Amino acid sequence: MSSLETARDLLREFPVVDGHNDLPWALREQVRYDLAARDIAADQSAHLHTDIPRLRAGGVGAQFWSVYVRSDYAGDQAVSATLEQIDCVRQLLARHPADLRPALTAADMEEARAEGRIASLMGAEGGHSIADSLATLRALYALGVRYMTLTHNDNIAWADSATDEPGVGGLSAFGREVVREMNREGMLVDLSHVAATTMRDALDTTAAPVIFSHSSSRAVCDHPRNIPDDVLERLPANGGVAMVTFVPKFVLQAAVDWTAAADENMRAHGFHHLDTTAEAMKVHRAFEESNPRPVATVSTVADHLDHMREVAGIDHLGIGGDYDGTAFTPDGLNDVTGYPNLIAELLDRGWSKADLAKLTWRNAVRVLGAAEDVARDLQATRGPSNATLADLDA
């Protein structure tokens with residue numbers, strides 16, 4: 001039996017729990033939530049990385065759907081847009097009950113696996129989604145959100161992002177209270193996107209395991225979105241899980257360097273580096289014609305997992321592809337059908353089936369269950385916090 005056949009067999013028993021997929025935002029941007037116009041029961045490969053047939057082909061058994069909103073949204077705009085994203089996921093689940101099962105707990109995930117359905121959970125991507133309100137945080141949990149990434153690309157008042165200038169130096173006092181309240185609710189603290197100082201402060205504060213929903217190794221690829229080794233080394237004591245991402249500019253050093261040069265070229269021509277107008281894209285295409293884009297591969301991602309296993313241990317790894325949240329993907333991981341290729345690569349590198357079952361399924365289920373256990377204990381000893389940003393950070 002080939003490695004690929006073995007990988008597919010393994011995924012039938014222990015399917016992938018993917019930590020981050022931006023399908024809801026893609027549906028917002030492309031069709032303003034007209035789910036009939038992007039019916040994921042059918043092949044949507046012309047428009048999306050994700051649909052149900054390809055999730056099935058890729059061996060996905062659980063998906064954290066990101067209810068991301070842009071980090072330039074603030075206050076009530078951020079909250080209402082997050083609610084719209086949550087509503088999108090709920091509509092998807094209502095439209096596809098034979099394939100997608102709502103999941104709020106680790107037990108729900110296991111029940112979905114037994115039923116042959118894809119457990120569907122939600123993660124909010126960025127603390128701007130709660131508009132500095134612990135009551136809003138609790139409301140998101142009540143609506144089904146089971147992790148929150150503390151920041152997205154920009155700092156917020158109480159936490160520093162990996163891709164912004166230092167603000168509060170990690171987590172502020174209110175930021176630490178957010179972590180404590182997430183622990184009390186049972187919402188996983190997600191440390192993707194945050195500055196390394198924020199990662200360390202969160203680990204110092206949390207009573208529950210953390211996750212990195214879509215981050216790779218900074219030692220392998222020096223991008224601030226990745227996880228430094230000293231943070232990975234703390235995961236065994238914390239119990240958390242780092243879910244490797246596939247985004248080329250986070251996993252391939254040549255792609256990091258190419259992106260920096262492409263961005264500088266855009267600025268030199270008077271455009272913001274994220275500008276996608278016709279005039280800006282003409283400049284970008286000209287640069288790419290003269291400077292071909294470096295291509296990541298399945299092996300590139302496997303290199304990260306090899307290193308992360310060496311530093312953190314097999315019990316603390318997972319997968320978070322970031323599909324439909326990135327314009328480019330590695331060869332062999334082009335869309336959600338690609339997971340078997342990664343598992344086959346790891347089999348060829350000597351990873352055992354037991355190790356791979358932890359990577360794909362067991363670690364992620366364990367960490368959510370552990371957060372539930374911590375919440376149960378905390379709720380027995382204290383009530384909800386009504387602290388405010390002004391109270392704690394004045």
Side-chain angles (χ1 to χ4, degrees), residues 15-16 18-73 76-103 112 116-126 128-129 140 143-146 149 152-153 213-214 245-247 274-281 284-285 320-329 333-339:
V16 169
D18 184 278
H20 194 88
N21 184 300
D22 277 302
L23 175 65
W25 186 258
L27 293 171
R28 178 188 178 98
E29 291 284 277
Q30 292 183 21
V31 293
R32 190 59 195 184
Y33 303 129
D34 180 353
L35 303 187
R38 289 287 185 274
D39 183 2
I40 64 166
D43 179 14
Q44 295 296 331
S45 55
H47 308 287
L48 299 165
H49 292 141
T50 309
D51 53 53
I52 290 170
R54 285 183 291 162
L55 288 167
R56 296 293 199 183
V60 176
Q63 181 66 67
F64 280 91
W65 302 108
S66 175
V67 292
Y68 155 83
V69 301
R70 284 172 17 192
S71 55
D72 59 346
Y73 288 15
D76 289 347
Q77 181 189 27
V79 176
S80 61
T82 302
L83 294 177
E84 290 170 356
Q85 289 282 89
I86 291 170
D87 183 69
C88 174
V89 174
R90 292 164 74 108
Q91 288 190 54
L92 286 170
L93 300 185
R95 285 175 66 92
H96 307 288
D99 294 292
L100 305 179
R101 185 194 195 278
R117 292 196 285 169
I118 299 166
S120 292
L121 307 99
M122 289 184 280
E125 191 174 14
H128 58 295
S129 290
L140 294 188
L143 289 171
V145 174
R146 287 301 178 264
T149 321
H152 191 244
N153 287 337
S213 66
H214 58 308
T245 195
F246 301 164
V247 180
L274 297 178
D275 194 334
T276 57
T277 61
E279 295 82 1
M281 292 309 295
H284 186 76
R285 283 192 294 270
D322 203 10
Y323 285 117
D324 285 306
T326 178
F328 303 99
T329 55
L333 296 169
N334 307 77
D335 59 23
V336 294
T337 63
Y339 302 102

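Residues take their numbers from the sequence shown, with the count starting at 1. Predicted, not measured: the structure shown is a model, and the values here were computed from it. Below, each value reflects all heavy atoms present in this structure, side chains not excepted, and no hydrogens, waters or symmetry copies.
- A pairwise comparison of heavy atoms in R54 and L48 identifies NH2-O, 2.8 Å as the closest pair.
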> Is there a side chain to side chain contact (heavy atoms under 4.5 Å, CB included) between V336 and N21 once you walk through the steps?
Replying inline: CA-CA 10 Å; V336 294; N21 184 300; 4.1 Å; yes

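- Contacts of A280 classified as side chain to side chain contact (heavy atoms under 4.5 Å, CB included), with partners at least two apart in sequence or in another chain: M266, F271, D275, T277.
- Remark: R56 pairs with D99 by the salt bridge (Lys or Arg N to Asp or Glu O under 4.0 Å) rule, at least two apart or across chains.
- For R32, the salt bridge (Lys or Arg N to Asp or Glu O under 4.0 Å) test picks out E84, with sequence neighbours left out.
- For the pair R101 and A112, the tightest heavy-atom approach, listed with the atom from each and the gap, is CD-CB, 3.4 Å.
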> For I40 and R95, what are the C-alpha separation, side-chain angles and deciding distance, and is it a side chain to side chain contact (heavy atoms under 4.5 Å, CB included)?
Replying inline: CA-CA 10 Å; I40 64 166; R95 285 175 66 92; over 6 Å; no

Throw together a table of side-chain donor-acceptor distances under 3.5 angstrom for residues 62-70, partners on residues two or more places apart or in other chains.
residue	atom	partner	partner atom	Å
Q63	NE2	D18	O	3.1
Q63	NE2	D18	OD1	2.9
W65	NE1	S120	OG	3.2
S66	OG	D22	OD1	3.3
S66	OG	Y68	N	3.2
S66	OG	E125	OE1	3.3
R70	NE	D72	OD1	2.9
R70	NH2	D72	OD1	3.3
R70	NH2	D72	OD2	2.7

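- For D34, the CG atom sits in a packed shell: over 12 heavy atoms of surrounding residues, nucleotides or ligands are nearer than 6.0 Å.
- G19 and S213 get closest at one heavy-atom pair: O-CB, 3.6 Å.
- Side-chain contact between L23 and L92 is present, with at least one heavy-atom pair separated by less than 4.5 Å.
- Between C88 and R28 the shortest side-chain heavy-atom distance does not fall below 4.5 Å.
- The two residues G338 and L333 make their nearest non-hydrogen contact at O-CD2, 3.3 Å.
- Listed for the Q44 side chain is no donor-acceptor partner under 3.5 Å among the backbone atoms of T50.
- Taking the side chain as every heavy atom from C-beta outward, D335 and D51 never approach each other to under 4.5 Å.
- Pairs of residues two or more places apart, or lying in two chains, that qualify as ring pair (Phe, Tyr, Trp, His ring centres under 6.0 Å) and include a residue from residues 31-60 are H49-Y323.
- The nearest pair of heavy atoms linking A124 to V145 is N-CG1, 3.7 Å.
- Taking Y73 as the reference, nothing meets the ring-ring contact (aromatic ring centres under 6.0 Å, His included) condition, with sequence neighbours excluded.
- The number of heavy atoms from other shown groups lying within 6.0 Å of CZ (R90) does not exceed 12.
- Side-chain contact between M122 and L143: absent, with no pair of heavy atoms (C-beta onward) separated by less than 4.5 Å.
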